[in-house]
Amino acid sequence: MTAVFRSCPFPAGSGILIDMDAITKNLTPAQADAVTHVDGPLLIIAGPGSGKTRVVTHRIAYMLNQGVRPWQIAALTFTNKAADEMRMRVNLLAPDQPVWMGTFHRFCAQQLRRYASFVGLSENYSIYDMADSRSAMKRAIQAAGVSTSHATPEQISSAISKAKNRLITPESMQQQSGRASDTVAARVYPVYQEQLLLANAVDFDDLLYHFARLLRENPEVRGELDAKLKYIMVDEYQDTNLAQYAIVRAMSVDHPNLAVTGDPDQSIYGWRGADLNNILDFEKDYPNVKTVRLEQNYRSTPNILAVADQLIRHNRRRKSKELFTDNPDGDNVILRQYQDGYEEADAIADEIAAQMIAGNAEPRDFAIFCRMNALTRSLEHALRNRGLPYQIVNGVEFYQRKEVKDLLAYLHLINNPSHDVALQRVINTPTRSIGATTVGRLQKFADDQRIPMLEAARRADEIDTLSKRSKTMVRSFVSLYERLRKKATESLEDLVRYLVEETKYIAFLERTSVEKEDSNPIENVDEFLSAAVEFDRMHPEDGSLEAFLEQVALVSDTDKFEDSNNRVTLMTLHAAKGLEFPRVFVIAVEDDLLPHYRSKQDDQQLEEERRLLFVGITRAKQWLQLSYAKRRSMRGDIRVAIPSMFLSELPRADMNVIESFADRDFFDDSGDDSYPDSWDLVQEPAPEEEGEMEYKADAAAEPEESAKQPKPSPSAVDRLPSTVSDSVSVIPDVYMDPPTSKSKPKQRVVPIAAALTTASEMMSSDRVPLGAYREGCTVRHPEYGEGTITELTGRGPKRTAKIRFSDGEPEQTFRLAFAKLELVDASGA
DNA sequence: TCATACCCCATTTTT
DNA sequence: TGGGGTATGA
């Protein structure tokens, strides 16, 4: 779809010379309708893949062409990625126009810098990230003296967050009586706010909350901004919460040229305070609104779209939409059952490898979506085993790593001496003999005096409870701080270099950090330094420490998603919003996961879960598979899984439904079977409509499926992209073997590999039951050599063996599924 | 004060 | 499974 957009040439010229033809041609009537609407409220209901971004960007170009000044336009998004995309595409149509484009949070952060004093902050205020606010919250809970026995800090946090999103003040929250956690939260809330203010800091919610209150309480500021930003656009309007709603509304009173785009069917952030009513009631809020519906889909095949459409029709709270497409027919959507999560992971990895080797796909074409991050683990394993390059969008992010957070905390403290969270982080990092007791005493003094902790540290001599030694240590920390502070105005690079040097941070890392395979702390420090250099380069004039910190605070994990590198993408369904992929797997479409068990009680939440699946489905361009497993192991133990109720809502007649026929006794190596044989009798929700409701193998689908098995292609590995060759070079030979067709259809492609001797290989091939390992067996471990199994416990992937390698030595314990154990003598006892 | 060990906890989604 | 918090010992 992007290819279509790019082909719009326009003359380079002075001022705002924009090729009108490029802006309006090749638009559908509906799109043109939206693009050419300049004044007055505008509601764009945009289905998935309907060219929404195209409309928004073209509309901005059109307005500029019509004489709207660029600084009168602000386009608000939810993610930096969306903003970047928009900026890039507007720039193609109308280069170098200072139209404000960015996230809500960034917008508010910038406005708050200017009006900081209105809400009791200074303009160098800090933005707490999640970890920061969590630790601030703990302190507030302590200070408020409430017990956490009835409400965890997380619950309190979330209650306060919700309150802020709904613009509820600490005072008004106390008057409301609600659940126990709310009552507790109401007591913590004012303390937490007070401490934030004292630290000259805000959390994420505060950015919106403070700014919304600022607008409400200061009519002159409101009027000023309303007049300046005459044209406001909001993307993903269905995800706005009350605070955002209030902000946007307040700036669109005198000049109600508010244009919002969104899709009620893609609202998946209700739990974060997003209020679907904002978009559902937009037409009530602005009676003379122009509404445009973009219903034609340019992304997906009709097959995929039909599945999405059928599903979402089951929602009640929506604006009905006709999704249609002119795209040619594609493959049927696959609904697939697996024995368990491991088989699911292996089979998907096999399928990806097979499709790649078939020669018509590369890693970047694939995405695997799941409800929870925890579910990506087995996928990771399977992909890694096959040498398939992948990326997890929500992995450990750079700015969350310890080293980086440490250095950042120093910078925060330099920028804002009241940043208590930062101080607590760095005061003993690297360790300088200022332990918890000392910090606790400093904190108490600070709390009593209502001063920042750094100030308390400066006045350490007045704190009687501190030992002489502690006082000395604290004093030396303060003098270190003063030295650092003097460098605050130098370039970021110099500051960071000096900081690392002066704190002897590298030496600290060297003696404390343990080497891990996938992260090198010292490299991270270098990387952080590079980020600083880069920032200096990008901001030669306005580059301040403060700006850098703000930038860092407002980037998120999802923004880090790179489509430039050629990898299979693993992400949550939430993170997938706004993206598209040629081939998509949605895994674990099971009851209690999707819908999540905590969302099943409430109809509105249940509908949100359905929308979540809808979002996942509509990301797919050509090919889609939904899957569920019979069993799933979660947090250690294995549970029977039930297919999601949503699956019964799909048009299965038009899909390929494939059941798993893998051997049932795969895990049944100890004789007793705790898994029900009556799986197929698990009841579906009672049918409400016509159509078959039970799961059954689609007999017609199977031959077709085996016909689709890839042909061997000796040169396939050569065709793998070079950028990933390092990790791909070890594609196992099994992929070079054609899968055999069997009389009894088996879902798994069983590789014809040579000898399978280690248990983990057996595990992944499911050829030999783990039962081959018995007590008394002799096995060989690559490191420990030969030994005897003395005890076997657990089942399936948790099957564990105790092995004695030599008499007198303690036994070692291994998971059969993972240890590289070779069976030397199976005769055993 | 620090580091290690252990135990127990809870387990959704994130700007 | 694992991360975080706490108990314990050096």
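Protein chains get the first letters and strands the later ones, always in sequence-line order, with residue 1 at the start of each.
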For [N], take OP1 and OP2 only and decide whether either is under 4.0 Å from a side-chain N or O of [X].
X	N	value
Ser599(A)	dT12(B)	no
Asn428(A)	dT1(B)	no
Thr431(A)	dT1(B)	no
Thr438(A)	dT1(B)	yes

If you take atom types as modelled and just measure distance, does the side chain of Arg371(A) reach the base of dT13(B) with a donor-acceptor pair under 3.5 Å? yes

For atom P, what is the distance between dG4(C) and dT13(B), given to the nearest Å? 15 Å

Name of the residue among Asn241(A), Ile247(A), Leu242(A), Val248(A) meeting side chain to side chain contact (heavy atoms under 4.5 Å, CB included) with Tyr245(A): Leu242(A)

Between [N] ([atom2]) and [X] ([atom1]): distance, integer Å:
X	N	atom1	atom2	result
Leu442(A)	dT1(B)	CG	P	11 Å
Met473(A)	dC2(B)	CE	C1'	13 Å
Ile434(A)	dT1(B)	CD1	P	9 Å
Phe204(A)	dT14(B)	CZ	C1'	9 Å
Tyr597(A)	dT13(B)	OH	P	12 Å
Tyr245(A)	dT15(B)	OH	P	25 Å
Leu594(A)	dT12(B)	CG	P	15 Å
Asp592(A)	dT13(B)	CG	P	15 Å

Between Glu590(A) and Ser644(A), is there a side-chain donor-acceptor contact under 3.5 Å, judged purely by atom types and distance?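 No - no donor-acceptor pair under 3.5 Å links their side chains.
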
Residue whose nearest DNA chain B nucleotide is more 5′ - Asp205(A) or Glu154(A):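 With Glu154(A) and Asp205(A) compared, the 5'-side residue is Glu154(A).
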
Going by ring centres under 5.5 Å and near-parallel planes (under 30°), is His596(A) stacked on dT12(B)? yes

For Tyr269(A) and dT13(B), is the gap between ring centres under 5.5 Å while the planes differ by less than 30°?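 Stack criterion not met.
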
Considering only [options], which nucleotide approaches the side chain of [X] most closely?
X	options	value
Ala575(A)	dT15(B), dT14(B), dG2(C)	dT14(B)
Met372(A)	dT1(B), dG2(C), dT13(B)	dT13(B)
Thr437(A)	dT13(B), dT15(B), dT1(B)	dT1(B)

Working to the nearest 0.5 Å, report the span between NE2 of His412(A) and CG of Leu423(A).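 The NE2 atom of His412(A) sits 13.5 Å away from the CG atom of Leu423(A).
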
Have a look at Ser599(A) and tell me which of Glu609(A), Gln604(A), Glu607(A), Glu608(A) forms a side chain to side chain donor-acceptor pair (under 3.5 Å) with it.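 With Ser599(A) as partner, Glu609(A), Gln604(A), Glu607(A), Glu608(A) yield a single side chain to side chain donor-acceptor pair (under 3.5 Å), made by Glu609(A).
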
Scan Lys630(A), Gln339(A), Arg632(A) and name whichever one has a side chain to side chain donor-acceptor pair (under 3.5 Å) with Glu344(A). Arg632(A)

Take Asp203(A) and Lys164(A), measure what salt bridge (charged side-chain N to carboxylate O under 4.0 Å, His left out) needs, and give me the verdict at the end. CA-CA 10 Å; Asp203(A) 63 20; Lys164(A) 287 182 180 176; 2.8 Å; yes

When all nucleic acid strands are considered with a 4.0 Å heavy-atom cut-off, which category describes Asp239(A): base, sugar-phosphate, or nothing? nothing

Need one value for Lys138(A): base, sugar-phosphate or nothing, where a base atom within 4.0 Å counts as base even if backbone is also close, heavy atoms only. sugar-phosphate

